[in-house]
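Labels below follow one simple rule: chain letters A, B, ... track the order of the sequence lines, proteins then strands, and each chain is numbered from 1.
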Number of protein chains: 2
Amino acid sequence: MAAEITLPPSPHLTARIPAGGKPGIALFAGCPDLIGTPFAYAREEEIYGEGEEAESVYKIVSGAVRTHKVLNDGRRQITGFHLPGDLFGLEQGEMHRHTAEALSGTQVLIFRRRVIERAATHSAEVACHLWAMAASGLRYAQDHMLLLGRRSAVERVATFLMAVDERLGSTGTFALPMTRRDIADHLGLTIETVSRTFSQLEEDGALLRTGGRQVSLRRARLRRVVED
Amino acid sequence: MAAEITLPPSPHLTARIPAGGKPGIALFAGCPDLIGTPFAYAREEEIYGEGEEAESVYKIVSGAVRTHKVLNDGRRQITGFHLPGDLFGLEQGEMHRHTAEALSGTQVLIFRRRVIERAATHSAEVACHLWAMAASGLRYAQDHMLLLGRRSAVERVATFLMAVDERLGSTGTFALPMTRRDIADHLGLTIETVSRTFSQLEEDGALLRTGGRQVSLRRARLRRVVED
DNA sequence: CGGTGATTTGAATACGTTCAAAACTCGTGG
DNA sequence: CCACGAGTTTTGAACGTATTCAAATCACCG
């Protein structure tokens, strides 16, 4: 399934690339020696699976990726969505602790984990970068724990929409890069509840749906829903 | 409230200290230059608050600590419990992103964050330690996301009991160091649901309660409840 | 334009919550 | 040593939010 051909980049996300300057092929801004190999995955293609040996680390050039964990009966928790510029698959340990799949056609740069790890043992700068990455993931995960443990369905969906808007450039109008199922599995809800909540938010004038995944947010109203 | 006197260490937790050898006063095993100052907190005392400047990092010598986040209406999510040998309060950034409080009388070693951060920029070893800490926190948080987003009340409580047992030495019999409210706020439940779930697990023969917080686990049965 | 998968909507159900009160623990003082 | 009292935990009953099961509608790709 993996294709080395260049896939057409997903239209709603590529706009972000220039925001951080050209992504280049280096892992970190100041580390020209950590070079990645370009690669591409098709929509819904698995990039790596939970339990596999963590050989590679990925940086998104275009497209979008989800990472998740599953229980043996199929219940799934999406631990994160990753957009252009984001790194994923960076584990500290030999194994991947979740599965990664492309949401849409996705171009990445692939780095060898061993090389990065070795660089970290020699360079405090690289190691600090790795620390920063892990710390930022930790902040996100802890915020999400609060959302999953203590927020209602409307609050979860409203929070999610505002977060996606911000990561997509804060235009207030965008196409969601993921399905209702993905949203549900990220927010700890069912697709039906997510759908009903979208409808409710639309009735309340907190958003507008114009066909499919396209949404326009009324940010002030959404903020009032979350209210913290 | 903060006291420099030596408090009697909490009896159910101190047994763990020898497991990792004497904790000493250094932050990491191989870094004798990062020295901590002993300090003690009383039961229920706040160690630091969300939003405060993160001046210090703490390593527990005896006792136990919880860290949490709150919404403005009081809903609380406990992001972690910390036992002897554990580090907490290590942020990457100027601010604490949660509140830390002592569960019982707790002795800690205090380190200056600035010193650690500066050491990290010079020493790849220190920086790698910090990465390892953050990565281990991230693994825990992501596992907990799955629990909060996708597991039932019984599964959450059973998972929690097994995890506490393991951290307390895998004896199968111990006193829970935290209240029902703390457990509830960690598992995204109410105290009533936690209590009812304990009762149900006892009926099912998965555990035995002998007064207050003392429990004896039937691990095989608990494992069957979680079943993954 | 047809078909397939995604999304929305509806009705019934279930799980966990809320509100209320009883029972139990444990520290304190008589 | 026992009794008291405050806080914690347990139990009960009614309720509500999100889930489940089912079906209709919509969007998009060929």
Go through the structure and list residues passing ring-ring contact (aromatic ring centres under 6.0 Å, His included) with A:Tyr140, not counting sequence neighbours.
A:His144
Is B:Ser199 near enough to D:dT11 that one of its side-chain N or O atoms lies under 4.0 angstrom from OP1 or OP2?
yes
For A:Ser152, all residues meeting side chain to side chain donor-acceptor pair (under 3.5 Å), sequence neighbours excluded
A:Glu155
Please report, rounded to the nearest Å, how far the P atom of D:dG7 is from the CZ atom of B:Arg43.
11 Å
For A:Glu94, which residues count as a salt bridge (Lys or Arg N to Asp or Glu O under 4.0 Å) partner, sequence neighbours excluded?
A:Arg113, A:Arg114
Qualifying residues under ring-ring contact (aromatic ring centres under 6.0 Å, His included), relative to B:His96, sequence neighbours excluded:
B:Tyr48
Pairs satisfying salt bridge (charged side-chain N to carboxylate O under 4.0 Å, His left out), at least one member in residues 209-222 of chain B, at least two apart:
B:Asp165-B:Arg219, B:Glu202-B:Arg209
Who passes side chain to side chain donor-acceptor pair (under 3.5 Å) against A:Asp73, sequence neighbours left out?
A:Arg75
Between C1' on D:dT9 and CD on B:Gln214, what's the gap in Å once rounded to a whole number?
16 Å
Side chain to side chain donor-acceptor pair (under 3.5 Å) partners of B:Arg150, counting only residues at least two apart
A:Asp185
Walk along nucleotides 17-30 of chain D from 5' to 3' and tag each nucleotide B, S or - by protein heavy-atom contact under 4.0 Å, base first, then sugar-phosphate.
-SBBB-----S---
DNA chain C: first to last nucleotide in contact with chain B (atom under 4.0 angstrom from a heavy atom), 5' to 3', is C:dG16 to C:dT25
Sugar-phosphate only, base, or nothing, as touched by B:Arg209 at under 4.0 Å among non-hydrogen atoms:
sugar-phosphate
For B:Phe174, the ring-ring contact (aromatic ring centres under 6.0 Å, His included) test, sequence neighbours excluded, returns none
Sequence-distant partners of B:Phe111, ring-ring contact (aromatic ring centres under 6.0 Å, His included), two or more places apart:
none
Intermediate values then yes/no, side-chain contact (heavy atoms from CB on, under 4.5 Å), B:Arg76 and B:Lys69
CA-CA 6 Å; B:Arg76 184 178 71 148; B:Lys69 288 173 160 281; over 6 Å; no
Angle, rounded to 10°, between the helical axes spanning five pairs at each terminus of the helix from C:dC1-D:dG30 to C:dG30-D:dC1?
40°
